[in-house]
Student: 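Please see the structure below; I have some questions.
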Amino acid sequence: MLPTRATEALRIDHPIVQAGMARGYTNAALVGAVSGAGGLGILGCLNRPTTEAVTEIEKIRALTDRPFGVNFVVAHIDWETYEACLAELVPIFTFFRGDPELVVGRARATGALTIYQVTTVAEAEAAVQAGVDVLVAQGVEAGGHVGPIALSAILPAVIAVAGGRPVLAAGGIVDGPSLAAALSLGADGAWMGTRFLATPESPALPAHKQAIIDAELGATVRTGIWDVIWGRTWPGVEVRGIRNAVTDRWIGRDDEVPALRDEIRARIERAKRDGDGSEIDLLAGEGSGRITSIEPAADLVREIAADAEGNLRRLGERASG
Ligand SMILES: Cc1cc2nc3c(=O)[nH]c(=O)nc-3n(C[C@H](O)[C@H](O)[C@H](O)COP(=O)(O)O)c2cc1C
């Protein structure tokens with residue numbers, strides 16, 4: 001067991017949180033498996049219709065009586081879904097991007113615990129100001145929308161302004177050694193996305209899972225082009241994913257995309273139906289180069305926790321001579 005301030009606050013056995021990821025990547029099966037194994041599973045609500053969110057929450061509750069969470073990207077929040085999750089008395093609300101004052105207080109008023117993912121010290125300070133319970137420091141190694149700073153630099157800086165709150169580390173954590181490294185840097189646990197995409201439970205497309213398994217170190221690229229294609233750019237924010245034909249074709253041609261957006265998106269949707277990983281958005285972190293197989297989510301939680309514990313024990317033995 002690796003007890004931390006996060007395992008205590010979140011009432012979980014292992015300091016492992018399956019990161020909030022949008023509709024196409026998380027579902028009740030994944031969340032239920034992670035929470036049931038003593039980690040914390042989180043249902044992504046970005047792009048998820050309200051009725052589906054409520055149904056998935058009911059399914060999670062049928063799978064496990066352990067804590068679980070929901071995730072909202074505040075800048076793109078669907079307020080109806082947020083209200084429905086408040087009414088469902090979901091135990092943990094997690095947020096990313098946007099004004100924490102809009103969401104943290106209301107979630108806490110229901111008795112829920114709140115977690116805010118941040119990529120800069122200024123974002124961490126705003127979340128603390130809004131009264132958040134737990135922070136996630138996300139490093140540039142992460143998959144999906146990322147900030148500009150390496151995990152080893154942003155994590156201690158966020159801990160310094162966290163006022164004693166637990167801080168989780170995100171970005172490139174995929175196994176026991178990387179969890180142990182994050183804990184050594186002062187994290188209270190890991191917030192892991194890409195590793196949990198390569199599970200049988202994740203609804204990520206088979207071609208996406210295969211691309212993660214096939215990816216070598218250095219296979220990802222951080223670029224603003226995906227948001228240009230999706231038509232919702234955020235200043236200063238980029239997306240990390242596995243390089244493929246789409247990124248090779250469009251990076252550096254931002255000005256041309258808006259006029260061709262419908263065509264480009266139609267081609268991506270077609271490739272999704274055809275299972276063609278070379279023409280779809282393959283969001284994933286730098287850790288994908290170290291993932292070589294699809295593993296059941298519950299096994300991952302138990303094995304990564306046990307491996308990290310072994311790594312830290314060996315480190316302690318080495319330090320004490
Ligand atoms: C496919 C994918 C989708 C994501 N969607 C969201 C999201 O909807 N909300 C959010 O807060 N973070 C999202 N993220 C970022 C994760 O919360 C987390 O920061 C990231 O996965 C951590 O890095 P890792 O993938 O290297 O473990 C997403 C990440 C990925 C890979």
Side-chain angles (χ1 to χ4, degrees), residues 4-6 15-21 71 73 94-98 100 115-128 132 134-163 165-198 212 215-227 233-243 247 251 282-291 304 307-308 311-312 315:
T4 69
R5 290 179 303 177
I16 294 177
V17 179
Q18 165 252 308
M21 292 182 286
N71 173 261
V73 176
T94 76
F95 305 107
F96 192 29
R97 300 270 174 221
I115 303 180
Y116 222 100
Q117 176 164 225
V118 301
T119 65
T120 63
V121 172
E123 288 173 34
E125 286 170 339
V128 167
V132 78
V134 176
L135 290 164
V136 181
Q138 189 215 49
V140 72
E141 304 91 330
H145 285 95
V146 290
I149 306 170
L151 179 59
S152 57
I154 191 65
L155 177 59
V158 169
I159 292 170
V161 299
R165 292 166 177 78
V167 179
L168 304 170
I173 302 172
V174 295
D175 54 14
S178 44
L179 171 56
L183 294 171
S184 304
L185 273 172
D188 295 287
W191 168 277
M192 300 163 54
T194 303
R195 179 57 272 197
F196 285 108
L197 291 179
I212 291 171
E216 303 197 337
L217 286 177
T220 66
V221 61
R222 180 168 57 111
T223 169
I225 201 65
W226 287 114
D227 277 333
T233 50
W234 297 346
V237 178
E238 293 189 309
V239 170
R240 183 179 297 287
I242 296 169
R243 236 183 359 246
T247 55
I251 285 176
L282 296 172
L283 306 196
E286 287 191 344
S288 34
R290 304 193 54 234
I291 296 170
I304 292 172
D307 278 0
N311 274 272
L312 289 172
L315 212 60

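Bear in mind the structure is a predicted one, so any value in this text is a computation, not a measurement. The analysis underlying the following values was restricted to heavy atoms, covering all of them including side chains, and did not include hydrogens, waters or symmetry mates.
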Student: Would you say that Ser152 contacts Leu185 through its side chain, given a criterion of any heavy-atom pair below 4.5 Å between the two side chains?
Tutor: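 When only atoms from C-beta onward are counted, Leu185 and Ser152 do touch, with a gap below 4.5 Å.
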Student: Side chains of Thr247 and Trp226: closer than 4.5 Å at any heavy-atom pair?
Tutor: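 The answer is yes; the side chains approach within 4.5 Å.
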Student: Hey, does Val132 have a side-chain heavy atom less than 4.5 Å from the side chain of Phe95?
Tutor: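 Contact flag for Phe95/Val132 side chains = no.
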Student: Check whether any side-chain heavy atom of Asp175 lies under 4.5 Å from a side-chain heavy atom of Asp307, and answer yes or no.
Tutor: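 They are not in contact (no side-chain heavy atoms under 4.5 Å apart), so the answer is no.
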Student: Minimum heavy-atom separation for Arg240 to Gly285, with atom names?
Tutor: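 Taking Arg240 first and Gly285 second, the nearest heavy atoms are CD-CA, 3.8 Å.
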Student: State, with a plain yes or no, whether a side-chain heavy atom of Phe96 is found less than 4.5 Å away from one of Thr119.
Tutor: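 The answer is yes, as the side chains (C-beta and beyond) meet within the 4.5 Å cut-off.
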Student: Less than 4.5 Å apart, side chain to side chain, heavy atoms only: is that true for Ile291 and Arg195?
Tutor: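 In short, these two side chains touch, coming nearer than 4.5 Å.
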Student: Nearest 0.5 angstrom please: Thr233 OG1 to Asp227 CG, how far?
Tutor: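 Result: 7.0 Å between the selected atoms.
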Student: Indicate yes or no: at least one non-hydrogen side-chain atom of Val167 is less than 4.5 angstrom from one of Leu155.
Tutor: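 The answer is yes; the side chains approach within 4.5 Å.
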Student: Thr220 versus Ile242: any side-chain heavy-atom pair under 4.5 Å?
Tutor: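 Thr220 reaches Ile242 side chain to side chain.
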Student: Working note: Glu123 + Arg97, criterion salt bridge (Lys or Arg N to Asp or Glu O under 4.0 Å); need CA distance, chi angles, decisive distance, verdict.
Tutor: CA-CA 8 Å; Glu123 288 173 34; Arg97 300 270 174 221; 3.5 Å; yes
Student: Could you tell me which non-hydrogen atom of Gly186 sits nearest to which non-hydrogen atom of Ile159, and how far apart they are?
Tutor: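 Gly186 and Ile159 have their closest heavy atoms at O-CD1, 3.3 Å.
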Student: From Met192 CE over to Leu197 CG, what is the distance, rounded to the nearest 0.5 angstrom?
Tutor: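 Interatomic distance, Met192 CE to Leu197 CG, rounded to 0.5 Å: 10.5 Å.
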Student: Which heavy-atom pair separates Leu151 from Ala137 by the least distance, and what is that distance?
Tutor: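 Closest approach of Leu151 to Ala137, heavy atoms only: CD1-O, 3.5 Å.
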Student: Which pair of non-hydrogen atoms, one from Pro148 and one from Thr120, has the smallest distance, and what is that distance?
Tutor: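 Looks like CD-CG2, 4.4 Å.
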